[in-house]
Amino acid sequence: ARAAFETAINTAVTNADATVSVVFDNMPFTTPGKTKKYVLVTINFDQSTVQELQGASISQYTGTVQCGIFTPKDKGTAVASAIAQSVIDGLTSVNASNYTDTYSVTPRASQVTGPTAVSEENSSHFVSVVRCTFTAV
């Protein structure tokens, strides 16, 4: 499930703008410099099995994908909005009828919220957040 969403987001973001780095919470990374644009993807799992009324439990994952979008403060919010749209496109691409699963799961993006601006006075970056709940069987 993690790999399916990571691949979908990374592909959509880098296809839209090759100058944007995509980093993941489960991989070591160095924070890009203050002039760089990047997306920090965090995936949290809320549930990993569902107990059937009769029979054994089945693997069904639910959780949240959160993407922090970091753009230089002096570039305005239009750049962040464009990156947010590519993140949303990546998240929802797994729902397309022509999506081909290569990870032995059936991921589905649910409710997408954002982009929501997060303002920090002393930060070199403008930050906005896109969140999405998901399921995967």
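Throughout, numbering of the chain's residues begins at 1 and tracks the sequence.
- We find the CD1-CD1 distance between I83 and I69 to be 7.0 Å, quoted to the nearest 0.5 Å.
- Put simply, V20 and L40 are part of two different groups of oily side chains (I, L, V, M, F, W, Y) that touch within less than 4.5 Å, one to the next.
- In the hydrophobic clustering of this structure, V79 does not group with F70; members are Ile, Leu, Val, Met, Phe, Trp, Tyr whose side-chain heavy atoms approach within less than 4.5 Å, directly or through other members.
- Between the side chain of N95 and the main chain of A109, a donor-acceptor pair closer than 3.5 Å is present.
- Contact annotation: the side chain of V39 approaches that of V87 to within less than 4.5 Å [non-hydrogen atoms, C-beta and beyond].
- Between atom OH of residue Y99 and atom OG1 of residue T106 there is a gap of 8.5 Å, rounded to the nearest 0.5 Å.
- Linking ILVMFWY residues whenever their side-chain heavy atoms come closer than 4.5 Å, directly or via other members, places V23 and V129 in the same cluster.
- Across G90 and A8, no two heavy atoms sit closer than the pair O-CB, 3.3 Å.
- Sorted by first and then second residue, the side-chain hydrogen bond (donor to acceptor under 3.5 Å, both in side chains) pairs with a member in residues 8-28 read R2-D25, D17-T19, D17-K37, T19-K37; sequence neighbours excluded.
- No more than 12 heavy atoms of other residues, nucleotides or ligands sit less than 6.0 Å from atom CZ of R131.
- Partner of I9 under the side-chain contact (heavy atoms from CB on, under 4.5 Å) criterion, chosen from C67, S86, S93: C67.
- Two residues are said to be in side-chain contact when any heavy atoms from C-beta on lie closer than 4.5 Å; I88 and V130 meet this criterion.
- Atoms CD and CD1, on E6 and I43 in that order, are 4.5 Å from each other to the nearest 0.5 Å.
- Hydrophobic clustering places V112 together with V13 (ILVMFWY residues linked when any side-chain heavy atoms are closer than 4.5 Å, directly or through intermediates).
- Between D46 and G63, the closest heavy-atom pair is OD2-CA, 3.5 Å.
- Screening residues 5-34 for ring-ring contact (aromatic ring centres under 6.0 Å, His included) gives F5-F134 as the qualifying pairs, with residues at least two apart or on separate chains.
- Within the 3.5 Å criterion, the main-chain N or O of Q111 finds a donor-acceptor partner in the side chain of T133.
- Using a 4.5 Å heavy-atom cutoff, the side chains of H125 and K73 are not in contact.
- No side-chain heavy atom of T62 sits less than 4.5 Å from a side-chain heavy atom of F45.
- At a threshold of 4.5 Å between non-hydrogen side-chain atoms, the residues Y38 and V22 do not count as touching.
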